Structure formats: C-alpha cells, structure tokens
Amino acid sequence: MAGLAFTFSPQAEARDLWTSEDGNRYVALNSALKSVLLISDPLYEEGGTSATNFWRLRLDLDAAILPWLTANIAYEQRAVIDSEDAVGANPLLPQSQSLPYRIIPIADAIVDDPSFQYEQGLDRLALSARGAWGQATLGR
C-alpha cells in the first residue's frame, strides 16, 4: 500500500483564566486542534485510492489550587472520516473502540457509522502534590 499523510496542528498557547496576586495559584486552559489526512492507494489489491481523516480537539485545564497542589483535567473530542473505499480497508489503523489508557469514556460513541466515527472522553484526570520529599500523583 502506498500512502501519503498530511498533518495540520497549529500551535496554541495556554490561556491564563485566573492568576492569584502572588502568582502561586492559577487556572490555565490549553487547547489543541489536530488533523491527519491519510491517503492510500493499494498496490496489490483491486480498488481505488482511499482517504481517512483523523481529527482531535483537546481542552486541557490546569490549576494550581495551592502552591504545592495541582489538578489537571483533559477532555477530548475525536472524529474519523473515511472515504467509501477506505471503510475497513486498512487493518493497520486502530478501529473505533475505547482505548485502555483513556480515563473515562464519557458515553458511547456520539456517531458510529462505517464512514464516520465521533466520540468524546476524559483523557486525563490527576491531582499532584509536590514537596521537598518529591511528587505524588493520584490519577493519570
């Protein structure tokens, strides 16, 4: 299979939503929108050129509750769009399913059609404490 991939991922900086006067406590929002377009033309099989487009929107909320205690929550929305020829055509690409490293699949897939999958979930949920003794994290 000959393939070609294009990636779109603009840089985004964190947005400070709130910062204490002394700067030790804050709430910041990071966001990322990524897209990958995979175009393939099978070399050893009949069929035309196929395309699969992967999209991901991630919102990452980071908060310093106390100077030594931080919390992090990351929410993602993912979409996969397949051309007609690409549906089930590439066994190397992951199928739509709950990934084991995701914290919580919020619900079943929003849309789960052969040519379009759309889902959401919590990717990170963590509470971290830091001190002279080191760091302890509860969650992922």
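All residue numbers refer to positions in the sequence shown, counting from 1. Nothing here was measured: the structure is a model prediction, and the numbers come from that model.
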What residues form a side-chain contact (heavy atoms from CB on, under 4.5 Å) with Ala79, not counting sequence neighbours? Trp55, Phe116, Tyr118
Would you say Leu122 and Leu127 are hydrophobically clustered, going by side-chain heavy atoms of ILVMFWY under 4.5 Å? no
Residues in side-chain contact (heavy atoms from CB on, under 4.5 Å) with Asp60, at least two apart? Asn30, Arg58, Asn72, Ala74, Arg124
Give, for atom OG1 of Thr19 and atom CG of Leu17, the distance between the pair rounded to the nearest 0.5 Å. 8.5 Å
Only counting residues at least two apart or in another chain, list the ones meeting side chain to side chain donor-acceptor pair (under 3.5 Å) with Arg25. none
Are any side-chain N or O atoms of Gln135 and backbone N or O atoms of Gly131, one a donor and one an acceptor, separated by less than 3.5 Å? no
Step by step, would you call Val27 with Leu61 a side chain to side chain contact (heavy atoms under 4.5 Å, CB included)? CA-CA 7 Å; Val27 177; Leu61 189 67; 3.7 Å; yes
Taking atom types as modelled, find out whether Ser115 and Asp82 have a side-chain donor-acceptor pair closer than 3.5 angstrom. no
Would you say Val111 and Gln117 make side-chain contact, with heavy atoms under 4.5 Å? no
Leu59 versus Leu29: any side-chain heavy-atom pair under 4.5 Å? yes
Test side-chain contact (heavy atoms from CB on, under 4.5 Å) applied to Leu66 - qualifying residues, sequence neighbours left out: Trp68, Leu69
Closest contact, heavy atoms only, Ile73 versus Leu125: CG1-CD1, 3.6 Å
Evaluation steps, side chain to side chain contact (heavy atoms under 4.5 Å, CB included), between Ser31 and Arg15: CA-CA 9 Å; Ser31 61; Arg15 289 151 197 83; 3.0 Å; yes
Residues in side chain to side chain donor-acceptor pair (under 3.5 Å) contact with Glu21, at least two apart in sequence or another chain: none
Contacts of Asp22 that satisfy side chain to side chain donor-acceptor pair (under 3.5 Å) - sequence neighbours left out: Ser20, Asn24
Any chance you could lay out the side chain to side chain contact (heavy atoms under 4.5 Å, CB included) test for Asn53 and Val80, step after step, and finish with the verdict? CA-CA 6 Å; Asn53 196 350; Val80 178; over 6 Å; no
Nearest heavy-atom pair of Asp62 and Ala71: which atoms, and what distance? OD1-O, 3.3 Å
Quick one: does Asp123's side chain get under 4.5 Å of Glu76's, heavy atoms only? yes
Please examine the side chains of Thr70 and Arg130, heavy atoms only from C-beta on, and report whether any two atoms are closer than 4.5 Å. yes
